[in-house]
Number of protein chains: 2
Amino acid sequence: MRKVRTFSSDTDLVNQRRNHIVKIATEQIIKRGYNNINTRELASALGMSTGGLYHYIGSKEDILYLIINFTSDLTCQSLSRFADEEKGKSCEDKLRDSIRNYFEIVENYRDFHNFVNHIMLSLPVKDRKIVYKAESRVIDYYEELIADGIAEGVFEAQDARLAAHNIIVMANAWANRGWFLKKHYTLREYTDEQTDAILSHLRRSPKKNGHKQLQPVKQKA
Amino acid sequence: MRKVRTFSSDTDLVNQRRNHIVKIATEQIIKRGYNNINTRELASALGMSTGGLYHYIGSKEDILYLIINFTSDLTCQSLSRFADEEKGKSCEDKLRDSIRNYFEIVENYRDFHNFVNHIMLSLPVKDRKIVYKAESRVIDYYEELIADGIAEGVFEAQDARLAAHNIIVMANAWANRGWFLKKHYTLREYTDEQTDAILSHLRRSPKKNGHKQLQPVKQKA
DNA sequence: TCTCATCGACTGAGCGCTCGGTCTGTGTTA
DNA sequence: TAACACAGACCGAGCGCTCAGTCGATGAGA
């Protein structure tokens, strides 16, 4: 991960300042775009001068990396939290609860999720892997959970990876497509509807019966 | 829609040049980012000088609008094509075929879809509405199709809007998340799997039965 | 000859970042 | 105790560079 320069040797102060930079810069960048806000404006939004800002970072671009690091940490915390809360629950309840948790995290940290999705093209390709890696861990978590459900006979046999990926996509849609979704749904409504969609597919996948038998399946219902 | 300046009165030539600009600029901007490529590099990629480029556009930003316009036109053509092909088909077949068609369009014009999704934050808010509007039309199309299926009793009663929106989200995921999806799936596989997921939910939505009755439903299956 | 398409050197505005300077707090010495 | 030196946090004007866009020159075609 990229090393960000600071002139301060006070680690606590550096962390404190940088957390503040991450928070405010994310808001501003999401609102206006990374390239539509200059360092003077950023510094002003932070309540500092540019010199003060450069006491803690080495370049404007460093801010992007601070934010990405913060978001990756969030992802790790999410996974730890899911693992802590899943003990003693059925596969389906685990899945339902962790979907709700993840959607809430996406809502609470919407700016960071939006940020990462949109800033990706500004990064060198090798640095995009940091982001990919963090997100792949979430996909892996859900894939394993779904695969366990399939092994236990709770879910129908199907492509667990794609089902897991769809959960991430739906969560990101909430963060990215507020222009449409928030006109029509609350987070709770959206979460419930999407959880239902995911579970209805997991419980009874028509793929098992092949496409040509779709009509017979319907008659048996 | 934004008026783009040209010094030429030869409409055919302007269109020809601009289509070329749209095509090449989209590739370059997607590959490198709008703000990471300057007008000289763009002109060079186009096989022109900057002066030649500015004969057909008024500003670098105009290129964004040309591309957005092109993408909106694509969307209109997609909808016309769906409408032409749906005559005499059942709701389910219409839905299945139009999903496949839309996914193929997203694949064929992946650069434009990526472009619009990522460039949104560079636009003034009022101009984002152009993009929102084009995409809302696709959502409306699917919502109406699903609502017809519900009215005919082919699909279970549910939120047609969200189901329609999910189709768009899944198609965009193919365009935007190739880093993950293309490692595991061909377009055909992805289309079939997602169509199954969508249809399994439409045919049998557990929401109608409420969450508390999930187990009894399963036993009846 | 005139018109139009194209070129590329040039312009000036704006950018990220630096660096000389100020201010404040702390420690040392007389 | 007071004065001074020092370190570190912070400031903001200015620098060098890059950028988008211009404009006079040139060549081609009618």
Side-chain angles (χ1 to χ4, degrees), chain A residues 2-26 28-29 31-67 119 121-124 127, chain B residues 2-22 24-26 28-29 31-68 119 121-124 127:
Chain A
R2 183 167 169 139
K3 179 79 176 171
V4 179
R5 182 202 73 185
T6 180
F7 292 129
S8 170
S9 52
D10 183 340
T11 308
D12 286 341
L13 183 63
V14 173
N15 284 336
Q16 183 188 339
R17 289 287 184 271
R18 284 185 176 166
N19 284 337
H20 181 56
I21 292 168
V22 163
K23 179 169 179 292
I24 302 298
T26 304
Q28 294 295 321
I29 292 173
K31 189 191 302 176
R32 305 177 51 184
Y34 175 72
N35 294 287
N36 291 334
I37 183 165
N38 61 42
T39 53
R40 283 167 189 79
E41 290 166 332
L42 263 181
S44 175
L46 287 160
M48 310 182 178
S49 65
T50 59
L53 177 58
Y54 281 93
H55 195 66
Y56 297 100
I57 61 170
S59 69
K60 186 185 180 189
E61 196 180 56
D62 278 348
I63 300 178
L64 299 184
Y65 289 90
L66 288 183
I67 296 175
I119 217 64
L121 282 187
S122 299
L123 300 181
D127 287 337
Chain B
R2 183 165 167 141
K3 179 80 176 168
V4 180
R5 183 201 71 186
T6 180
F7 290 128
S8 171
S9 50
D10 183 340
T11 308
D12 286 341
L13 182 63
V14 173
N15 284 336
Q16 182 187 338
R17 290 284 186 271
R18 284 188 176 163
N19 284 337
H20 182 56
I21 291 168
V22 163
I24 302 298
T26 303
Q28 294 294 321
I29 292 174
K31 188 191 305 178
R32 305 178 52 185
Y34 176 72
N35 295 287
N36 291 334
I37 182 164
N38 60 41
T39 53
R40 279 163 194 77
E41 291 167 330
L42 264 181
S44 175
L46 287 160
M48 308 184 181
S49 65
T50 59
L53 176 58
Y54 280 95
H55 195 67
Y56 296 100
I57 61 170
S59 70
K60 184 185 180 190
E61 197 179 54
D62 278 347
I63 301 178
L64 300 184
Y65 290 91
L66 288 183
I67 297 174
I68 285 166
I119 217 66
L121 283 187
S122 298
L123 299 180
D127 286 338

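Every heavy atom of this structure was used, including side-chain atoms; hydrogens, water molecules and symmetry mates were not. Proteins come first, then strands; the chains are lettered A, B, ... in the order of their sequence lines, and each starts at number 1.
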*Do any N or O atoms from the side chain of B/S44 and from the backbone of B/R40 form a donor-acceptor pair under 3.5 angstrom?*
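Not confirmed, B/S44 side chain does not pair with B/R40 backbone.
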*Are any side-chain N or O atoms of A/E41 and backbone N or O atoms of A/N38, one a donor and one an acceptor, separated by less than 3.5 Å?*
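Side chain of A/E41 to backbone of A/N38, a donor-acceptor pair under 3.5 Å: yes, one is there.
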*Only one of B/T6, B/I21, B/I57 passes side-chain contact (heavy atoms from CB on, under 4.5 Å) with B/D62; say which it is.*
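Only one of B/T6, B/I21, B/I57 forms a side-chain contact (heavy atoms from CB on, under 4.5 Å) with B/D62, namely B/I57.
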State, with a plain yes or no, whether a side-chain heavy atom of [X] is found less than 4.5 Å away from one of [Y].
{"X": "B/Y56", "Y": "B/L13", "answer": "yes"}
{"X": "A/R17", "Y": "A/M48", "answer": "yes"}
{"X": "A/V4", "Y": "A/R18", "answer": "yes"}
{"X": "B/N35", "Y": "A/Y34", "answer": "no"}
{"X": "A/Y65", "Y": "A/D127", "answer": "yes"}

What does the list of N/O pairs under 3.5 Å between the protein and nucleotides 7-12 of chain C look like, with a distance for each?
unit_1: C/dC7; atom_1: OP2; unit_2: B/S49; atom_2: N; d: 2.7
unit_1: C/dC7; atom_1: OP2; unit_2: B/S49; atom_2: OG; d: 2.9
unit_1: C/dC7; atom_1: O5'; unit_2: B/S49; atom_2: OG; d: 3.4
unit_1: C/dC10; atom_1: N4; unit_2: B/R40; atom_2: NH2; d: 3.2

Could you give the [atom1]-to-[atom2] distance, from [X] to [N], as a whole number of Å?
{"X": "A/I57", "N": "C/dT18", "atom1": "CD1", "atom2": "P", "result": "10 Å"}
{"X": "A/F7", "N": "C/dC17", "atom1": "CZ", "atom2": "P", "result": "12 Å"}
{"X": "A/Y54", "N": "C/dG21", "atom1": "OH", "atom2": "C1'", "result": "19 Å"}
{"X": "B/R17", "N": "C/dC4", "atom1": "CZ", "atom2": "P", "result": "16 Å"}

*Are B/H55 and C/dA5 close enough that a side-chain N or O sits under 4.0 Å from OP1 or OP2?*
yes
*Give the first and the last nucleotide of DNA chain D, reading 5' to 3', that has any atom under 4.0 Å from a heavy atom of chain A.*
D/dA9 to D/dG14
